[in-house]
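One structure is given below, encoded as structure tokens.
Chain A is the first sequence line, chain B the second, and so forth, proteins listed ahead of strands; every chain is numbered from 1.
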Amino acid sequence: MRIGEISDRSGISIRMLRFYEAEGLLRPHRTEKGYRDYSQDDLEEARLIRQLAEAGLTVEAMHDLLPCIISPEPTFHPCDRLRARLESEVAKLDRKLSDIERSRAQIAAYLAGLPRGDQSDTASLQSETA
DNA sequence: ATTCTGACA
DNA sequence: TGTCAGAA
């Protein structure tokens with residue numbers, strides 16, 4: 001299958017499919033004319049990548065995860081790397097979450113201190129945005 | 001019609 | 001991440 005079909009069936013844009021390949025996530029064969037030629041396995045991997053991307057995982061994380069999740073070989077590795085990766089992702093998310101909570105608290109404080117019935121700030125924002 | 005690579009208002 | 005160009 002060529003890139004257009006893979007894009008349609010995986011929901012990943014052609015642009016992103018090429019990007020993921022540049023990142024070493026997908027390695028489709030090439031036809032004589034240089035066109036990418038995806039296998040059925042590539043399609044399944046693309047769909048998995050789609051899932052991981054929607055979960056907010058980075059390409060780096062996918063590099064660790066993919067070898068563990070998609071197991072072409074009948075032998076299942078312990079994949080200790082998988083657990084480590086997942087744990088670091090959760091840790092990363094926890095850090096982001098605390099950052100967001102910090103921002104929320106700060107902005108909520110601004111809101112709490114905002115005088116009532118005053119539209120002047122809104123007006124100035126609109127004029128600067130326009 | 002589709003894909004390829006490289007570049008960017 | 002989209003999109004446009006120029007070539008195949």
- [ ] Quickly work out the A:R30 CZ to B:dC4 P distance and round it to whole Å.
- [x] 6 Å
- [ ] Take A:Y38 and A:R15, find for each the nucleotide of DNA chain B with the closest heavy atom, and name the residue whose nucleotide sits nearer the 5' end.
- [x] A:Y38
Open item on the list: Looking at A:K92 and A:E89, is any side-chain nitrogen of the basic one under 4.0 Å from a carboxylate oxygen of the acidic one?
Closed with: yes
- [ ] Rounded off to whole Å, could you give me the CD-to-P distance for the A:E21 and B:dC4 pair?
- [x] 8 Å
Task: A:D8 CG to B:dT2 P, straight-line distance once rounded to whole Å - done: 10 Å
TODO: Rounded to the nearest angstrom, tell me the gap between atom NZ in A:K33 and atom C1' in B:dT3.
DONE: 12 Å
Open item on the list: In whole Å, I'd like the distance from the CD1 atom of A:I3 to the C1' atom of C:dA8.
Closed with: 16 Å
Task: Side-chain heavy atoms of A:L65 within contact of A:L86, under 4.5 Å - done: yes
TODO: Figure out the CZ/P separation between A:R2 and B:dA1, and round it to whole Å.
DONE: 14 Å
Task: Between C:dG2 (C1') and A:I12 (CD1): distance, integer Å - done: 16 Å
Open item on the list: Counting only side-chain nitrogens and oxygens, does A:R18 get under 4.0 Å of the OP1 or OP2 atom of B:dC4?
Closed with: yes
Open item on the list: So, OP1 or OP2 of B:dC4: does either fall under 4.0 Å of a side-chain N or O from A:R36?
Closed with: yes
TODO: Figure out the CG/P separation between A:L17 and B:dT5, and round it to whole Å.
DONE: 13 Å
Open item on the list: I'd like to know if A:R102 and A:D99 make a salt bridge, using a cut-off of under 4.0 Å between side-chain N and carboxylate O.
Closed with: yes
Task: Atom CD of A:E60: over 12 foreign heavy atoms under 6.0 Å - done: no
Open item on the list: Using a 3.5 Å limit on both distances, find every run of at least three consecutive Watson-Crick or G-U pairs that involves DNA chain B.
Closed with: B:2-8 with C:2-8
Open item on the list: Please report the interatomic distance CZ(A:R18) to CZ(A:R36), rounded to the nearest 0.5 Å.
Closed with: 5.5 Å
TODO: Please tell me if the side chains of A:Y38 and A:E45 come closer than 4.5 Å, counting only heavy atoms from C-beta onward.
DONE: no
